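Take a look at the structure below.
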Number of protein chains: 2
Amino acid sequence: MAALPSGVLGVIDSTSDRAVFRQIADRLREAIDKGRFKEGAKLPSESELVEHFGVSRMTVRNSLSILQSEGLISSEHGKGVFVRPRPPVRRLASDRFARRHREQGKSAFTVEAEAAGSRPEVDSLKVREERPTPDISARLGQPRKVLARRRRYLLDGRPVEFAVSYLPLDLARDTPIAEPNPGPGGIYARLEELGHRLDHFDEEVRARMPSPDEVKTLRLASGVPVIQLVRTAYDTEGRAVEVCDTVMSADAYVLAYQLPAN
Amino acid sequence: MAALPSGVLGVIDSTSDRAVFRQIADRLREAIDKGRFKEGAKLPSESELVEHFGVSRMTVRNSLSILQSEGLISSEHGKGVFVRPRPPVRRLASDRFARRHREQGKSAFTVEAEAAGSRPEVDSLKVREERPTPDISARLGQPRKVLARRRRYLLDGRPVEFAVSYLPLDLARDTPIAEPNPGPGGIYARLEELGHRLDHFDEEVRARMPSPDEVKTLRLASGVPVIQLVRTAYDTEGRAVEVCDTVMSADAYVLAYQLPAN
DNA sequence: CAGTGGTCTAGACCACGGG
DNA sequence: CCGTGGTCTAGACCACTGA
């Protein structure tokens, strides 16, 4: 157990009102912010911190748990505690569903990933008929049943997004949309072939902490929120033809939109 | 210390691989999800949980800290632990900066809040000249100095949003935009009067956990992420005339956008 | 193997809230 | 005042990692 480089972490002010474990978290946060521990670098071990600050191990662990919930660090059993690296983010542009992209014959996800030099992958594809939740039902104009298409997206092996598309069953039954692979251009291309020319999409964006399930399927580190995006597609007759509910790892995405000024 | 209603919380499976504190968190989470503890309801006290599950207090506290980081509960010193109420969300529509709204003479925030029956308030207003960060500078076309307008927004006394607007100094100096109160319709109305007719806005949306500073100014409960929205306003000549960097409590907002299909 | 983090205990004292 | 959560200690044993 090597001694800590002096001066890197400072000391505790025992006269302060601020709890000791918060002060330790503050010292570590400063050190990370100032680059004294770089991305991916290993922090001092718990026992080193115990010795350096002269506190019990639980106090040190309490401090580390603060930084973990802030998304600054992550711990690896048997190895140590590390400054969490920022993965590359994927930028979702507001024209990503423009018809001209669809006409290339590839899905929006594939095209974009390959342009960025990543290896795209789709996973856990499941298609089935369901009774819609009240929320989905309302968005789709109260169909009795819907076709649900679930799938997970990965980039270079890392899960980044989980999505479920819902379509009114009367519209999707016995069409390529009900097949696991709906063919080139994806379900939006098929919808247009079926006579539902797409007019516009509504998107709703929320952010929240993930459920335990979402932590598992997206392999989220703790302290990483998710972005939930609910998109409704409308055809030129004003009918809602699809609702897509997407949950994304917040540290893998930035969404970009363009708004007109008038 | 009353006995716990039997059957509400279940028991620990000591043969399970799953850590005891995670099992306790699972039981509590189920109970909340199934509505056995409603929004705002008080959970059993720590000592009641200690007795019910037959574990030490630290184990119980560990369980509660999981639920807290998931945003499900919040604790109040001296009172108890409560199911976190979901505050009403504010919906930001994609036409919120349309000129027709501006022409009413009120700010987008005020109009919308009053329509929703809330009491809007603006706070901590500070205007000053600054040297821009590299990021802001790049978005604004590399001005040497910028005018920065900082302010906090509250609804019914609750802080919901903190925003900083940056404008190229050569454009904003000695205009009403440099005044604390820029007048009816806000700075967008003034920009248009100065000959910068607005053409469109670019918005970038991110989600992340808040910094300790943001926790303080937005009075965020733990387990609540923030949405960061960076908006750039362009005039009809293609010049970037303003960048607005907004941080919002994620549980107070849902963002709505409309995308064209082609 | 030694060193790391993960889990858990059984205490202690404190600060806050409400009767 | 008592019950609540907030902080802290000083141990213990375990599971994982890498040499």
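Proteins come first, then strands; the chains are lettered A, B, ... in the order of their sequence lines, and each starts at number 1. These figures come from a predicted structure and were not determined experimentally.
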Taking only N and O in the side chain of [X], is any of them less than 4.0 Å away from OP1 or OP2 of [N]?
X     : N      : value
B:T59 : C:dT7  : no
A:S45 : C:dG3  : no
A:S56 : D:dG11 : no

Using distance alone, with no hydrogens and no angle criterion, decide if [X] and [Y] have a side-chain donor and acceptor under 3.5 Å apart.
X      : Y      : answer
B:S211 : B:D213 : no
A:E130 : A:Y166 : no
A:Y253 : A:E161 : yes
A:S137 : A:R131 : no
A:T15  : A:D13  : yes

My understanding is that only residues two or more places apart in sequence, or in another chain, count here; which of them pass side-chain hydrogen bond (donor to acceptor under 3.5 Å, both in side chains) with B:E121?
B:R119

Judged by each residue's nearest nucleotide on DNA chain D, which is more toward the 5′ side, B:E46 or A:G54?
B:E46

Under a 4.0 Å heavy-atom cutoff, the residues of residues 20-29 of chain A touching DNA chain D are A:V20, A:F21, A:R22

Whole angstrom value for the distance that separates P of C:dA12 from CE of B:M58:
16 Å

Take the protein atom CG of A:N62 and the nucleotide atom P of D:dT9, then report the distance between them rounded to whole Å.
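Value for this atom pair: 10 Å.
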
Aro-ring/base stack B:H77-C:dA15, d under 5.5 Å, angle under 30°:
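B:H77 ring centre within cut-off of C:dA15 base, planes near parallel; stacks.
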
Choosing from C:dA10, C:dG5, D:dT4, which nucleotide comes nearest the side chain of A:V81?
C:dG5

